[in-house]
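Working notes, structure below.
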Amino acid sequence: MTYDIPGKVAVITGGASGMGKAMALRFGASGAKIVVADIEEPAIDSTVAQLGDSDIEAIGVVTNVSNEAAVLALRDITLERFGRADIVCLNAGVGAGGPMASLTKADWAWVLDVNLWGVINGLTAFLPALQAQDDGHIVITASVAGILSYPGMGPYNASKHAVLSIAESLHHELVAANSGVGVSALCPGLVNTNILDSERNRPEHYQKSALN
């Protein structure tokens with residue numbers, strides 16, 4: 001299945017670095033308008049400027065994907081600016097791990113709230129609009145960790161198994177409905193991104209001492 005990119009609007013969470021930034025640059029180079037959603041405002045500004053230097057129309061929206069209201073606001077800003085969303089890349093993610101016995105509730109909560117609930121919030125916000133226009137594509141960044149289970153990565157493995165299952169379930173629903181909306185799940189191996197430095201963005205309420 002092919003999907004025409006020119007003139008489409010691509011919304012990318014975690015879009016200011018790593019794989020998300022690569023998506024933004026590639027979709028933009030193919031003729032899409034870009035919405036860069038990320039939790040890091042300086043990185044957003046840099047990415048939007050880089051897109052602009054290549055004459056790609058782009059905006060940036062500071063977005064905490066673990067917060068449903070923030071993702072709904074991202075949708076509203078996208079629709080206000082561009083009138084629609086066509087490609088929704090639910091890509092934002094964090095990594096935290098360690099031996100299972102050493103993990104805290106905060107470790108689990110942080111990873112699952114971003115990696116799993118970030119996807120759920122994205123679907124809640126954008127899927128109805130895509131279905132209403134009967135056109136579009138959702139890209140969910142899972143991982144090879146959603147197929148295998150590596151030691152020392154319990155929360156991350158669990159989150160990626162879950163989002164892969166969500167993507168597969170959604171695929172079957174869309175096919176059964178003969179929908180014009182498609183869904184893809186990416187399952188990359190280790191990629192040279194900033195995810196191993198995720199602690200830089202770990203909010204205070206997810207610190208190890210914050211939850212018991």
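Note that this is a predicted model, so its numbers are computed, not measured.
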Heavy-atom check, side chain of Val163 versus side chain of Asn115, under 4.5 Å: no
Exceeds 12 heavy-atom contacts within 6.0 angstrom, atom CD of Gln133: yes
4.5 Å side-chain heavy-atom contact, Asp86 and His137: no
Shortest non-hydrogen separation from Ala16 to Val36 and the atoms involved: N-CG1, 3.8 Å
Under 3.5 Å donor-acceptor, Thr78 side chain and Leu74 backbone: yes
Side chains of Ile138 and Phe126 in contact at under 4.5 Å (non-hydrogen atoms): no
Polar side-chain atom of Asn157 near backbone of Ser149 as donor-acceptor pair, under 3.5 Å: no
Distance-minimising heavy-atom pair for Ser30 and Ile5: CB-CG2, 3.6 Å
Minimum side-chain heavy-atom gap Glu40-Val62 below 4.5 Å: no
Steps toward side chain to side chain contact (heavy atoms under 4.5 Å, CB included) verdict (Leu174, Gln131): CA-CA 9 Å; Leu174 294 171; Gln131 290 179 307; 3.9 Å; yes
Heavy atoms of other groups near Asn178 CG, more than 12 under 6.0 Å: no
Flag, side chain of Asp45 to backbone of Pro42, donor-acceptor distance under 3.5 Å: no
Nearest-0.5 Å distance, CD1 of residue Ile166 to NE2 of residue His161: 13.0 Å
Check: Thr104/Asp107 side-chain N/O donor and acceptor closer than 3.5 Å: yes
Atom pair NZ/CG of Lys105 and Leu112 - distance to nearest 0.5 Å: 12.0 Å
Any donor-acceptor pair under 3.5 Å from Thr63 side chain to Ala70 backbone: no
Close side-chain approach of Val65 and Val114, heavy atoms under 4.5 Å: yes
Exercise: do Ser66 and Asp113 side chains pair donor with acceptor under 3.5 Å: no
Chi angles and distances behind the salt bridge (charged side-chain N to carboxylate O under 4.0 Å, His left out) call for Asp135, Lys8: CA-CA 11 Å; Asp135 180 64; Lys8 302 296 187 182; 3.3 Å; yes
Evaluation steps, side chain to side chain contact (heavy atoms under 4.5 Å, CB included), between Met19 and Cys89: CA-CA 10 Å; Met19 289 177 55; Cys89 300; over 6 Å; no
Side chain to side chain contact (heavy atoms under 4.5 Å, CB included), paired with Asn91, selected from Val119, Val11, Thr141: Thr141
Test item: Ser165 side-chain N/O and Ala162 main-chain N/O as donor-acceptor pair under 3.5 Å: no
Flag side-chain contact, heavy atom, 4.5 Å: Leu130 against Val88: yes
Candidate list Asn121, Leu123, Leu90, test side chain to side chain contact (heavy atoms under 4.5 Å, CB included), partner Val71, passing option: Asn121
Contact summary for Ala167 and Ile140, nearest pair of heavy atoms: CB-CD1, 3.9 Å
Heavy-atom closest contact (Ala29 atom, Ile56 atom, distance): N-CD1, 3.7 Å
Sub-4.5 Å side-chain heavy-atom contact between Tyr150 and Val144: yes
Derivation of the salt bridge (charged side-chain N to carboxylate O under 4.0 Å, His left out) call for Asp38 and Lys21: CA-CA 10 Å; Asp38 204 286; Lys21 183 174 182 178; over 6 Å; no
Heavy-atom pair with the smallest gap, counting every atom of Ala24 and Leu51: O-CD2, 3.7 Å
Test side-chain contact (heavy atoms from CB on, under 4.5 Å) applied to Ile59 - qualifying residues, sequence neighbours left out: Val35, Val61, Ile77, Arg81, Phe82
Residue pair Asp76 / Glu80, side-chain heavy-atom distance below 4.5 Å: no
Side chain to side chain contact (heavy atoms under 4.5 Å, CB included) between Ile12 and Phe27, intermediate numbers included: CA-CA 10 Å; Ile12 305 162; Phe27 282 127; 4.2 Å; yes
Minimum-distance pair of heavy atoms, taken over all atoms of Trp108 and Pro155: CZ3-CA, 3.5 Å
Transitive ILVMFWY side-chain link Met153 to Leu148, under 4.5 Å: yes
